[in-house]
Amino acid sequence: MRKFSKTLMMFASMLALATGAAYGQEASFGSAGPPETVPGQFIIKYKEGANIAEQSAQLAQKNVKVIDTLPSIDAQVVQIEGGGAEIAANLPNEISNVEYVEPVFVVHAIGVPNDPRYPEQWGFPKIKAPEAWDTRTDSGNVVVAVIDTGIDYKHPDLAANVWTNPGEIPGNNVDDDNNGIVDDVHGANFSGATDNGEPMDDNKHGTHVAGTIGAVTNNSLGVAGVNWKTTMMGVKFLSASGSGTTVGAIKAIDYATKKKVDIMNNSWGGGGFSQALEDAIKRANDADILFVAAAGNGGTDNDATP
């Protein structure tokens with residue numbers, strides 16, 4: 001039954017992965033021009049067993065500033081003044097125990113039509129959802145992490161299907177479940193300078209995606225969801241403008257992995273190939289989590305142009 005539920009809920013997401021060298025891999029996702037990056041920011045992945053404190057000291061000697069960490073992959077996020085692409089490219093040769101260095105890529109939410117009425121949700125007949133609904137409409141025990149711009153968890157057509165963290169006491173300003181995020185009651189937010197427990201959607205993209213996955217259905221309100229009853233966790237890493245970085249994406253995936261969700265939905269894409277991001281996705285896969293990614297809206301053949 002769990003496999004059936006996961007298959008039924010596969011809908012709308014985007015991320016294509018390619019293979020390449022450890023630095024400066026090329027993958028355009030069908031977009032024109034070079035991948036968009038955060039100026040001067042890079043992810044440095046260290047080899048297993050490396051002493052992070054020693055690595056930081058070596059970076060400081062080169063005026064490379066550590067601005068964030070990705071402990072799940074033994075990596076640091078650094079800022080190099082003046083862009084620093086050449087400096088970053090040489091770091092594996094100048095700093096000990098460096099496995100790879102890559103830019104911090106910018107990714108974007110993939111646009112969706114603003115169409116709230118079920119009769120106009122033409123995709124459901126194409127995936128034979130009504131036939132599936134004759135068999136089952138309830139997958140309330142399946143937790144789906146909507147990794148996006150957040151979720152309007154107060155929305156009347158979503159609220160009943162929104163995940164609530166059983167280890168967190170709402171509003172007490174305490175990290176009750178000891179995961180580093182205070183009051184992450186309905187998910188977490190990795191879109192700003194400080195990680196926090198407020199995944200409220202300020203863009204509407206994630207809310208639209210959540211509605212497609214699991215809007216409360218047969219309630220005479222709004223739209224229908226692929227699953228009428230499910231459990232959706234809001235994991236926000238895309239900003240109000242619909243943009244984010246691979247650093248935020250990795251943190252979001254790691255958060256959902258640690259929370260042992262069943263499915264991750266990713267309706268976003270862009271940038272170039274990121275080994276660090278692929279590593280995060282592999283960790284989710286190793287945890288038996290289904291990672292769902294959309295084909296995108298470019299109208300291109302993804303087999304011919306990954």
Side-chain angles (χ1 to χ4, degrees), residues 15-18 20-29 31 33-47 50 52-109 147-149 180 188-196 203 235-255 266 268-281 283:
L15 184 65
L17 293 177
Y23 181 86
Q25 298 100 332
E26 296 180 357
S28 68
F29 298 92
S31 61
E36 185 179 356
T37 61
V38 179
Q41 290 190 15
F42 300 86
I43 296 173
I44 303 176
K45 167 69 168 67
Y46 298 111
K47 297 177 182 178
I52 302 299
E54 291 181 3
Q55 314 302 131
S56 299
Q58 293 181 57
L59 291 173
Q61 293 177 357
K62 295 185 174 297
N63 295 319
V64 176
K65 183 180 179 181
V66 177
I67 59 173
D68 207 343
T69 59
L70 296 170
S72 61
I73 58 172
D74 296 322
Q76 293 178 316
V77 184
V78 301
Q79 179 78 49
I80 302 176
E81 296 303 323
E86 183 176 349
I87 295 174
N90 289 327
L91 285 177
N93 299 321
E94 299 176 351
I95 303 295
S96 61
N97 294 313
V98 173
E99 186 171 323
Y100 60 77
V101 179
E102 66 180 38
V104 173
F105 291 107
V106 177
V107 297
H108 303 277
I147 300 176
D148 211 287
T149 62
N189 184 340
F190 303 100
S191 67
T194 304
D195 304 337
N196 62 76
N203 174 278
V235 190
K236 177 178 174 62
F237 87 99
L238 298 175
S239 68
S241 68
S243 297
T245 71
T246 42
V247 172
I250 291 166
K251 289 183 176 182
I253 293 168
D254 284 342
Y255 174 86
N266 300 270
W268 47 272
F273 171 75
S274 168
Q275 183 63 59
L277 183 58
E278 183 177 26
D279 290 345
I281 295 169
R283 284 194 300 278

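Excluded from the calculations below are hydrogen atoms, water molecules and symmetry mates; all remaining heavy atoms, backbone and side chain alike, are included. Keep in mind it's a predicted model, so treat the numbers as computed, not measured.
- Rounding to the nearest 0.5 Å places CG of Leu91 at 10.0 Å from CD of Gln58.
- Asn203 places none of its side-chain heavy atoms less than 4.5 Å from the side chain of Leu238.
- Contact record, Val106 with Thr37: CG2-C, 3.8 Å, taken as the closest heavy-atom pair.
- Of the inter-residue distances, the one linking Ile80 atom CD1 with Lys65 atom NZ reads 13.0 Å to the nearest 0.5 angstrom.
- In this structure, Thr245 OG1 and Glu36 CD are separated by 11.0 Å, a value rounded to the nearest 0.5 Å.
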**Request:** With side-chain contact (heavy atoms from CB on, under 4.5 Å) as the test, would you mind laying out the steps for Ile253 and Leu277 before giving the verdict?
**Result:** CA-CA 9 Å; Ile253 293 168; Leu277 183 58; 3.7 Å; yes
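- Taking all atoms of both residues into account, the shortest heavy-atom contact from Gln55 to Asn97 is OE1-ND2, 3.8 Å.
- In terms of heavy-atom proximity, His108 sits nearest to Ser243 at ND1-OG, 2.6 Å.
- Using a distance-only test at 3.5 Å, with no hydrogens or angles considered, no donor-acceptor pair links the side chain of Thr69 to the main chain of Pro71.
- Taking both residues in full, the closest heavy atoms of Pro103 and Thr246 are given as O-OG1, 4.3 Å, listed atom of the first, atom of the second, then distance.
- Looking at heavy atoms from C-beta onward, Lys62 lies out of side-chain contact with Ile87 at the 4.5 angstrom threshold.
- A donor atom on one side chain and an acceptor atom on the other are not found under 3.5 Å apart for Glu86 and Asn90.
- Taking 4.5 Å as the limit, some side-chain heavy atom of Val235 sits within range of a side-chain heavy atom of Phe190.
- When side chains are defined from C-beta on, Gln76 counts as touching Leu59, because their heavy atoms get closer than 4.5 Å.
- No side-chain heavy atom of Glu99 sits less than 4.5 Å from a side-chain heavy atom of Gln275.
- Remark: side-chain polar atoms of Lys236 are paired, donor with acceptor, to backbone N or O of Thr149 under 3.5 angstrom.
- Salt bridge Asp68/Lys251: present, at least one basic N to carboxylate O contact under 4.0 Å.
- Here the shortest heavy-atom pairing between Val66 and Ser56 reads CG2-OG, 4.3 Å.
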**Request:** Decide yes or no on side-chain contact (heavy atoms from CB on, under 4.5 Å) for Ile43 and Ile250, but give the supporting numbers first.
**Result:** CA-CA 11 Å; Ile43 296 173; Ile250 291 166; 4.1 Å; yes
**Message:** With side-chain contact (heavy atoms from CB on, under 4.5 Å) as the criterion, how do Glu81 and Asn63 come out once you've worked through the C-alpha distance, each side chain's angles and the decisive distance to 0.1 Å?
**Reply:** CA-CA 8 Å; Glu81 296 303 323; Asn63 295 319; over 6 Å; no
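- Nearest heavy-atom pair, Val107 versus Gly270, reported as atom, atom and distance to 0.1 Å: CG1-O, 3.8 Å.
- Using a 4.5 Å heavy-atom cutoff, the side chains of Val77 and Phe42 are not in contact.
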**side chain to side chain donor-acceptor pair (under 3.5 Å) between Asn189 and Ser191, intermediate numbers included** = CA-CA 6 Å; Asn189 184 340; Ser191 67; 2.7 Å; yes
